[in-house]
Amino acid sequence: MSIAAVSASNLRKVYPGSRGVQALAGVSTEIEAGRFVSILGPSGCGKSTFLRCVAGLEDITEGDLVVNGRPVQGPPDDIGMVFQRDALLEWRSIRKNILLPIEFAKKQASSYSGKVEHLLNLTGLRDFANSYPRELSGGMRQRAAICRALVDDPKLLLMDEPFGALDAFTRDQMNVELQRIWLETRNTVLFVTHGIGEAVFLGDVVMVFSPRPGRLVETITIDLPRPRPLSVRETPEFGRYVAHIRGLFEEMGLLNEKGAV
Ligand code: ADP
Ligand code: MG
């Protein structure tokens with residue numbers, strides 16, 4: 001039997017402080033290793049909190065959280081993270097940005113040069129290895145951030161609205177590229193978004209969270225063959241998944257007339 005990549009049982013998170021904000025309540029889930037998991041929910045429902053708990057960046061208030069077979073105690077070393085803002089260091093070249101986790105881990109950068117070349121090729125950044133972040137477009141910067149998160153072969157890749165700041169066209173492109181990269185690497189991915197279409201397009205499963213305190217409303221298995229072309233979004237099967245999820249948000253009283261969460 002394979003070990004679950006993430007196993008949460010009755011997870012609760014309350015931020016201390018005068019207001020004592022309860023961000024997550026009673027979240028239980030088992031995420032199988034090698035899965036691409038989309039996490040969908042309205043703003044402020046605790047999606048980032050969940051990711052930060054998994055990454056060991058937040059203490060949990062109650063419940064159990066086991067990541068890669070070990071209870072979470074501080075940041076484990078086999079996790080990669082990508083955020084909405086790419087957090088590249090402007091004074092370092094793209095190659096040196098990608099090598100940052102290797103330096104942090106006090107590993108030999110030279111033994112990762114092949115890996116870096118491979119990632120640069122995979123993401124179409126080969127000609128920009130020696131460029132600086134300011135010389136790249138938003139989509140290219142985000143690709144560099146993905147390379148950095150992947151450079152040390154993390155078992156678990158945590159992505160918090162990584163394409164939220166990109167225009168719709170670039171975002172579509174990035175969805176296709178991320179799928180392609182993931183089909184090659186097959187690490188477990190937790191991908192936070194508030195785009196229903198993006199969640200369905202990328203996910204093996206979609207976890208839908210309620211408004212704060214975030215509870216897991218439903219986990220939907222997306223049974224669409226891969227690689228998925230963008231045109232899959234026009235198929236009836238895709239439309240049924242989207243309609244089902246939109247229905248969940250409507251039941252929670254959460255959708256505006258444009259269908260946005
Ligand atoms: P999401 O990512 O789904 O938008 P977050 O996980 O960022 O939601 O936040 C969930 C709730 O927890 C929000 O009400 C937010 O204000 C609160 N929160 C997030 N981080 C902190 C913090 N460091 N201290 C206090 N409250 C926080
Ligand atoms: Mg967030």
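Side chains included, hydrogens not; waters and symmetry mates left out as well; all remaining heavy atoms used. By convention here, the first residue in the shown sequence is residue 1. Each ligand, and each atom within it, is numbered from 1 in the order the structure gives.
- The list of salt bridge (Lys or Arg N to Asp or Glu O under 4.0 Å) pairs with a residue in residues 202-223, not counting sequence neighbours, reads Asp204-Arg226.
- Ligand 1 has no N or O atom lying under 3.5 Å from any N or O atom of Arg19, backbone or side chain.
- The Mg ion (ligand 2) has Ser48 among its coordinating residues (N/O/S atom, backbone or side chain, under 2.8 Å).
- By the neighbour-count criterion of 12 heavy atoms within 6.0 Å, atom CZ of Arg126 is sparsely surrounded, having that number or fewer from other residues, nucleotides or ligands.
- Inside a 4.0 Å radius of atom 15 (C) of ligand 1 there is not any protein heavy atom.
- Between Arg35 and Glu30 there is no salt bridge, since none of the side-chain N atoms of the basic residue sits less than 4.0 Å from a carboxylate O of the acidic one.
- The single protein non-hydrogen atom nearest to atom 9 (O) of ligand 1 is Thr49 OG1, 3.8 Å, given as residue, atom name and distance.
- By the criterion of a heavy-atom distance under 4.0 Å, the side chain of Arg212, and not its backbone, is placed next to ligand 1.
- The closest donor-acceptor contact from the side chain of Gln142 to the backbone of Ser137 lies at 3.5 Å or more, if one exists at all.
- Among all non-hydrogen protein atoms, the one lying nearest atom 18 (N) of ligand 1 is Tyr15 CE1, 3.3 Å.
- Crowding of Asp59 atom CG: a count of heavy atoms from other residues, nucleotides or ligands under 6.0 Å not exceeding 12.
- Between Val21 and ligand 1, no N or O atom pair is found at a separation short of 3.5 Å.
- Here OH of Tyr241 is found 14.5 Å from CZ of Phe201. Values are rounded to the nearest 0.5 Å.
- Among the atoms of Ser48, some N or O lies under 3.5 angstrom from an N or O of ligand 1.
- Ionic pairing of Asp153 and Lys115 is present here: one or more N-O contacts between side-chain nitrogen and carboxylate oxygen are shorter than 4.0 angstrom.
- Close contacts of ligand 1 with Lys47, meaning ligand atoms under 4.0 Å from a residue heavy atom, involve 1 (P), 2 (O), 3 (O), 4 (O), 6 (O), 8 (O).
- Geometrically, Arg186 engages Trp182 in a cation-pi contact defined by less than 6.0 Å to the ring centre and at most 45° from the axis.
- Under a 4.0 Å criterion applied to the non-hydrogen atoms of Ser43, ligand 1 contributes the atoms 4 (O).
- An N or O contact shorter than 3.5 Å is missing between Ala23 and ligand 1 by distance.
- Residue Gly44 holds the heavy atom nearest to atom 13 (C) of ligand 1 of all those in Cys45, Gly44, Pro211.
- The protein heavy atom nearest to atom 8 (O) of ligand 1 is Gly46 N, 3.2 Å.
- Salt bridge annotation for Arg233-Glu198: absent, with no cationic side-chain nitrogen under 4.0 angstrom from a carboxylate oxygen.
- Using a 4.0 angstrom heavy-atom cutoff, Gly41 does not count as in contact with ligand 1.
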